[in-house]
Engineer: 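Would you mind keeping the following structure in view while I ask a few things?
Here, residue 1 is the first one in the sequence, and each next residue gets the next number. Note that the coordinates shown come from a computational prediction; the quantities given were computed from them, not determined experimentally.
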Amino acid sequence: MSGLEVRELECFLALAEELHFGRAGERLYVSQSRVSQLLAALEQRIGARLVERTSRRVRLTPLGERFHAELRPAYAELSGVVERARESARGVAGRIRIGFQGTADARLMEAITTFQKQHPGCVTEIAEVPFADPFGAVRAGEVDAAIVLLPVAEPELVLGPLFSRQQQTVAVSVRHPFASRPSLTPADLADTPLISATAPAPAYWREAQAPSAVPAPAVRTLQEGLTLVAADRGAMLLCRPTAEYHGRRDVAFVPVTGVPDSVLGLVWHRDGETERVRAFARAVAAAGDVAASAA
């Protein structure tokens, strides 16, 4: 396959998807006759027809179907290799968008500050991730990575460094009997309605944030949940820093012992891993190490 032209492969992929020489040419910014030339060169190189063309339609031959099925993922991987090499050559520059769930506390800001000092050519933007949609912004490409509450069991997402491990508290109305307690146990919460998130948060994630079989309201935002707590419609599990940040006079935050800690982690899409994301992950890991040594 000496002298294989990438443009021939790109032409075939465009034609296989469009099944129209004119539209394939528009996608590649070349003329329709150039598409024909590139296809003919590729078919000559392979030694067989890949596309059948009549006055009525364009379709792939059986060999063209198999070739397309194998070529598409191989071309995507090759493009990824080239893009990653370009990222490494340019270094960490441009813009990175970071999502956060809950509270943008001092640890997150420390990680961002560390990243910006190490990479002054990269601008960091931050955006809040909805309580009821922890993974949507990453999936949609609205952020490059996000710090979210665990667990994370999404096959297309990568879980990077853990960012924070904090004791759980339960938010209750100041009128609730638990409000005067110094601490609570899992047995105390067994019969307590725990407010959870609505979809699109996955079921396993919602159950982890509200591990109770007692029916309770579901909310889209943290503020909606705290408002229902203040109205004594249920209780809500929150990590200690979030409880401190959202302190209010009509809600009491009581520590809970004997339950798993609340843990935050950095996630990103497998197809969106860039040098910027890897560099930010290193800054998050460093911030977590500093916090652990200070604890």
Engineer: Decide if atom CZ of Arg270 counts as having more than 12 heavy atoms of other residues, nucleotides or ligands within a radius under 6.0 Å.
Structural biologist: yes
Engineer: So, Ser164 versus Gln166: side-chain donor-acceptor pair below 3.5 Å or not?
Structural biologist: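 Judged by distance alone, the side chains do pair up.
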Engineer: Should Glu154 and Val267 be marked as a side-chain contact (heavy atoms from CB on, under 4.5 Å) after you check the CA-CA gap, both sets of side-chain angles, and the distance that decides it?
Structural biologist: CA-CA 10 Å; Glu154 308 301 297; Val267 299; over 6 Å; no
Engineer: Output, in order, the C-alpha distance, side-chain angles, deciding distance and verdict of side-chain contact (heavy atoms from CB on, under 4.5 Å) for Arg27 and Glu17.
Structural biologist: CA-CA 11 Å; Arg27 278 181 54 173; Glu17 293 173 10; 2.9 Å; yes
Engineer: Quick one: do Glu110 and Arg107 satisfy salt bridge (Lys or Arg N to Asp or Glu O under 4.0 Å)? Show the steps, please.
Structural biologist: CA-CA 5 Å; Glu110 179 182 349; Arg107 291 185 182 184; over 6 Å; no
Engineer: Can Arg53 and Phe21 be said to form a side-chain contact (heavy atoms from CB on, under 4.5 Å), step by step?
Structural biologist: CA-CA 9 Å; Arg53 180 182 185 182; Phe21 279 72; 3.4 Å; yes
Engineer: Within the supplied structure, the quantity of interest is the number of heavy atoms (other residues, nucleotides, ligands) at a distance under 6.0 Å from Tyr29 OH; does it exceed 12?
Structural biologist: no
Engineer: Is it true that atom CZ of Arg97 has more than 12 heavy atoms of other residues, nucleotides or ligands lying nearer than 6.0 Å?
Structural biologist: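 Yes, because the 6.0 Å sphere around CZ of Arg97 holds more than 12 heavy atoms from other groups.
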Engineer: What closest approach, in Å, do Glu10 and Tyr75 show between heavy atoms, and which atom pair accounts for it?
Structural biologist: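 Looking at all heavy atoms of both residues, the closest pair is OE2-OH, 2.7 Å.
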Engineer: Check Ala197 against Ala201 and note the closest heavy-atom contact, atom names and distance.
Structural biologist: CB-CB, 4.4 Å
Engineer: Inspect the surroundings of CZ in Arg23 and state if more than 12 heavy atoms from other residues, nucleotides or ligands are less than 6.0 Å away.
Structural biologist: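 For Arg23, atom CZ is crowded (more than 12 foreign heavy atoms under 6.0 Å).
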Engineer: Carefully, step by step, assess Asp144 and Glu125 under the rule side-chain contact (heavy atoms from CB on, under 4.5 Å).
Structural biologist: CA-CA 10 Å; Asp144 299 298; Glu125 298 178 357; over 6 Å; no
Engineer: Of Leu38, Leu39, Leu60, which is the lone residue that meets side chain to side chain contact (heavy atoms under 4.5 Å, CB included) with Leu15?
Structural biologist: Leu39
Engineer: Locate the shortest heavy-atom distance separating Phe253 from His246; write the atom from each residue and the value.
Structural biologist: CZ-O, 3.9 Å
Engineer: With a 3.5 Å cut-off and no angle check, do the side chains of Gln167 and Arg240 form a donor-acceptor pair?
Structural biologist: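 Result is no, nothing qualifies.
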Engineer: Check which hydrophobic residues are tied to Val254 through side-chain heavy-atom contacts below 4.5 Å, counting indirect links as well, and list them.
Structural biologist: Val170, Val172, Phe178, Leu184, Leu189, Leu194, Leu237, Val256, Val259
Engineer: Which of parallel (below 30°), tilted (30 to 60°) and perpendicular (above 60°) describes Phe12 and Phe67?
Structural biologist: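 Tilted.
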Engineer: In this structure, are over 12 heavy atoms from other groups packed under 6.0 Å from Arg206 atom CZ?
Structural biologist: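 Yes, because the 6.0 Å sphere around CZ of Arg206 holds more than 12 heavy atoms from other groups.
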Engineer: Looking at side-chain heavy atoms only, is the closest gap between Leu28 and Cys11 below 4.5 Å?
Structural biologist: yes
Engineer: So which atom in Val138 and which in Ala145 form the shortest heavy-atom distance, rounded to 0.1 Å?
Structural biologist: CG2-C, 4.3 Å
Engineer: Does Asp232 have any salt bridge (Lys or Arg N to Asp or Glu O under 4.0 Å) partners at least two apart in sequence or in another chain, and if so, which?
Structural biologist: none
Engineer: Do Phe280 and Val123 share a hydrophobic cluster (ILVMFWY, side-chain heavy atoms under 4.5 Å, transitive)?
Structural biologist: no
